[in-house]
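All values below were derived from every heavy atom in this structure, side-chain atoms included, with hydrogens, water molecules and symmetry-related copies excluded.
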Amino acid sequence: MPAIRPRTAWMTGVLTSAVAASLLAGAPAHAVVGEKAKDGTYAFTAKLDIGGGQRSCSAALVEQQWLVTAASCFADNPAQDLKVPAGAPKLKTTATVGRTDLTRDNGSVVDVVELVPRDDRDLVLARLAAPVAGVTPTGIGFSAPLPGEELWVAGYGRTKDEWVPDRLHYARFGLEAVKGTTLGLSGKSGDAVVCQGDTGGPAFRDIGGRYELVGVNSTSGQAGCFGSDESETRKNAVDTRVDDIAAWIQATVSRDVLPRANWKNAAHMASGYFTGQSAGSKRRMDLFVVWNDGSASLYQGADHNDPKYPYSTEYKVAPAGSYWKDARAVTGGSFTGTGSDGITVRWASGKLSTYTHVDQNGFHDEKALAYSDTWKRARLITAGRYTDNPLRDDLLVLWDNGSTSMYSDTDANLVGKESQLTNADPSWTEAAQISSGEFTGGRTADLVIRWNDGNTSLFPGVDTTGYHGRIRIRPDKSAWKDAQILTVGSFTAASNRPNDILIRWRSGYLSYYPGVDANGTHGEVQLVG
């Protein structure tokens, strides 16, 4: 009985005799016989054209500028050796992303300019010449798949009656076996089979509309695929695992996430667990950014351990010219106890509102807290855990006259429960930024204030009765006078304790200080610049 065939390449023209022979004897396969995808369905699935029609594969977008696919797509003879050199692909390769129907002109067609292979399995990362817009990347599954689990598989390969399909196909598969670097899959319906053209395509979980990559198509029996041997009866497939190397994938694709932006254009920043926490609570906090042109981005916290790359991907959640151009103060917090954080905003109009849930799909469940000229005077705001309520929904406000107020439990009380913390004080008008954190391990949160002269202090254990001491962590005239935006979060590791300070500097550089405490800062991690 012949071996299960790799699904790396199918021919649209004449290949060399060696490659043609390998395809007939057991070449990699590339297309899922199953349902035709509706427009926009599983749009993170990409089609690869390698060598101007010599080979075709599928892939999955895991970051706006990175795909994951099979190394066998790029190997000289995948039936014999899957090794692929790092660097530019040997053959010109283009990726079509976000185009479920290939006869249309939506989505993006981008060159692949770099390959980063894994030597221990049939997998390679492919960097695009430019990030693609309008397509949400698939997440990467960090939890090990279990036999019996149901997965979806998608690809642009052959079907039972099409040699070169013009539409993405998908089918449901069951996970039969989990081995060292591979997964054994079997179709859940009679026509579910992985064919040539599907190599490198994704096997993924659907978690309530959120997708997690579990495997990458590698080899299959291909029974029922157009042009396959009629005597072939096997429809099972073997995929390459990604969960055990998910941290490596994330760390590699994270390197381009932050440097792509011009951080001089960042107008506001706020941190929180907007996209949720990953399995095992490995994920760091996300970063929400409003840009000067009114657009907004959400940077998802990474699950890997490299402190230099705390974010795994960027989601554009508002276009240029959006209503976010009218935001005057922004803070992140936990307002509902659902495990997903939100954002409170003071708008130019004097409106104060909270989006109780923010994620990669945008802003949800807006709640108006106040709307008056009085709130135009709220110069700085920050949400934190300043009462016994475990949520981070107590709002501390610094007014334009230097007075400060706290509004307790805004989820339940809106801004109806106010505590005056300090009266008008001209010296407090010199405060440039405020943010909430948990630096000292007290019963309630701490307030950090960066003053115009660079002096930066912690006010530990703030509550409704006021401030209880002051700890200076940066002296007068320190370099922090050039800090333009400051936010506090958990960026070093997933501790759910926000005690890292992230700063956007006047120069446009970006860095953070991990593990700030009563003894001050303990080193700096440069992110951009």
Under the 3.5 angstrom rule, does the side chain of D500 hit a backbone N or O of G515 as a donor-acceptor pair?
yes
Is the number of heavy atoms from other residues, nucleotides or ligands within 6.0 Å of NZ (K316) greater than 12?
yes
Would you say D453's side chain and D476's backbone share a donor-acceptor pair under 3.5 angstrom?
no
Does the ring of W399 carry R379 above it, NZ/CZ under 6.0 angstrom from centre and within 45° of its axis?
no
Grab the two heavy atoms, one from D393 and one from T410, that are nearest each other, plus how far apart they are.
O-OG1, 2.7 Å
T336 and T338: side chain donor to acceptor below 3.5 Å:
yes
Is it the case that the side chains of D517 and H522 hold a donor-acceptor pair, with the cut-off being a distance below 3.5 Å and no angle test?
yes
Hydrogens and angles aside, do E418 and S405 bring a side-chain donor and acceptor to less than 3.5 Å of each other?
yes
One pair to check against side chain to side chain contact (heavy atoms under 4.5 Å, CB included): T344 and Y407. What are the steps and the verdict?
CA-CA 13 Å; T344 293; Y407 296 88; over 6 Å; no
Can you list the residues that meet the ring-ring contact (aromatic ring centres under 6.0 Å, His included) rule with H304, with sequence neighbours excluded?
none
Distance-only, no hydrogens or angles: does the R385 side chain make a donor-acceptor pair with backbone N or O of R443 under 3.5 Å?
yes
State which residues pass side chain to side chain donor-acceptor pair (under 3.5 Å) with D463; sequence neighbours excluded, sorted by chain then number.
T465, H468
Specify whether W291 and Y299 have parallel, tilted or perpendicular ring planes, treating 30° as the upper limit for parallel and 60° as the lower limit for perpendicular.
perpendicular
Parallel, tilted or perpendicular: rings of W152 and Y42 (30°, 60°)
tilted
Test applied, side-chain hydrogen bond (donor to acceptor under 3.5 Å, both in side chains); reference residue, Q65; option that passes from R260, E314, E114, R255:
R260
Output all residues satisfying side-chain contact (heavy atoms from CB on, under 4.5 Å) with A370, sequence neighbours left out; order by chain, then residue number.
L352, W375, V415
Separation of L398 CG from N401 CG (nearest 0.5 Å)
8.5 Å
Below 4.0 angstrom, N of the basic side chain to O of the carboxylate: do R205 and E150 qualify?
no
Dump the intermediate steps for ring pair (Phe, Tyr, Trp, His ring centres under 6.0 Å) on F204 and F44, then the final yes or no.
CA-CA 11 Å; F204 54 94; F44 55 81; 5.2 Å; yes
Just by distance, no angles: are the side chains of D394 and T387 close enough, under 3.5 Å, to form a donor-acceptor pair?
yes
Keeping T331 on the side-chain end and A383 on the backbone end, is there a donor-acceptor pair under 3.5 Å?
yes
Does a donor on one side chain sit under 3.5 Å from an acceptor on the other, for S436 and Y386?
yes
Is D411 salt-bridged to K367, going by a charged N under 4.0 Å from an acidic O?
yes
Salt bridge or not for R392 and D341, using N-O below 4.0 Å?
yes
Let me see the working for I501 and V448 under side chain to side chain contact (heavy atoms under 4.5 Å, CB included), right down to the final yes or no.
CA-CA 9 Å; I501 297 179; V448 59; 4.2 Å; yes
Steps toward side chain to side chain donor-acceptor pair (under 3.5 Å) verdict (S353, E366):
CA-CA 7 Å; S353 63; E366 183 181 12; 3.0 Å; yes
Under 3.5 Å, side chain of D425 to main-chain N/O of S403, donor-acceptor pair present?
no
Where do P460 and L458 come nearest, in terms of heavy atoms and distance?
CD-O, 3.5 Å
Is it the case that the side chains of E430 and N452 hold a donor-acceptor pair, with the cut-off being a distance below 3.5 Å and no angle test?
yes
Under the ring-ring contact (aromatic ring centres under 6.0 Å, His included) definition, can you give me all pairs with a residue in residues 416-449, not counting sequence neighbours?
W428-W451, W428-F459, W428-Y467
Side chains of T41 and T100 only: does a donor on one sit below 3.5 Å from an acceptor on the other?
no
Output the distance between atom CZ (R497) and atom CG (N499), rounded to the nearest 0.5 Å.
4.5 Å
Taking the side chain from R99 and the backbone from R104, do they hold a donor-acceptor pair closer than 3.5 Å?
yes
Hey, could you give me the CZ/CG distance between R210 and N361, rounded to the nearest 0.5 Å?
11.0 Å
What pair of heavy atoms forms the shortest contact from T69 to S58, and how long is it?
OG1-O, 2.8 Å
Who pairs with Y512 by side chain to side chain donor-acceptor pair (under 3.5 Å), at least two apart in sequence or on another chain?
none
Testing the basics here: between V488 and S435, what is the closest heavy-atom pair and its distance to 0.1 Å?
N-OG, 3.3 Å
Among side-chain atoms of S457 and N455, is any donor-acceptor pair under 3.5 angstrom?
yes
Distance alone, cut at 3.5 Å: any donor-acceptor contact between the side chains of S511 and Q526?
no
Any side-chain heavy atom of P202 sitting closer than 4.5 Å to one from V216?
no
Just how far is it from atom CZ of R504 to atom CD of Q484, taken to the nearest 0.5 Å?
5.0 Å
Side chains of T96 and K47: donor-acceptor distance under 3.5 Å anywhere?
no
Calculate, to the nearest 0.5 Å, the distance between atoms CD1 and CD belonging to I249 and E63 respectively.
13.0 Å
Taking every heavy atom of T138 against every heavy atom of A60, the minimum-distance pair comes out as CG2-CB, 4.3 Å
Between T354 and T356 (side chain of the first, backbone of the second, donor and acceptor by atom type, cut-off under 3.5 Å), is there such a pair?
no
Applying side chain to side chain donor-acceptor pair (under 3.5 Å), name anything that partners R121, two or more places apart in sequence or on another chain.
D244
First locate atom CG of N519, then atom OG1 of T440, and finally report the distance between them rounded to the nearest 0.5 Å.
11.5 Å
What are the two closest non-hydrogen atoms of R450 and W480, and how far apart are they?
CD-O, 3.3 Å
Does any non-hydrogen side-chain atom of V124 lie less than 4.5 Å from one of V116?
no
Kindly say whether Y513 contributes a backbone atom to a donor-acceptor pair with the side chain of T521 at under 3.5 angstrom?
no
Please check this pair: side chain of S254 against backbone of Q250, looking for a donor-acceptor N/O pair closer than 3.5 Å.
yes
N/O donor-acceptor pair under 3.5 Å between T422 side chain and T404 backbone
yes
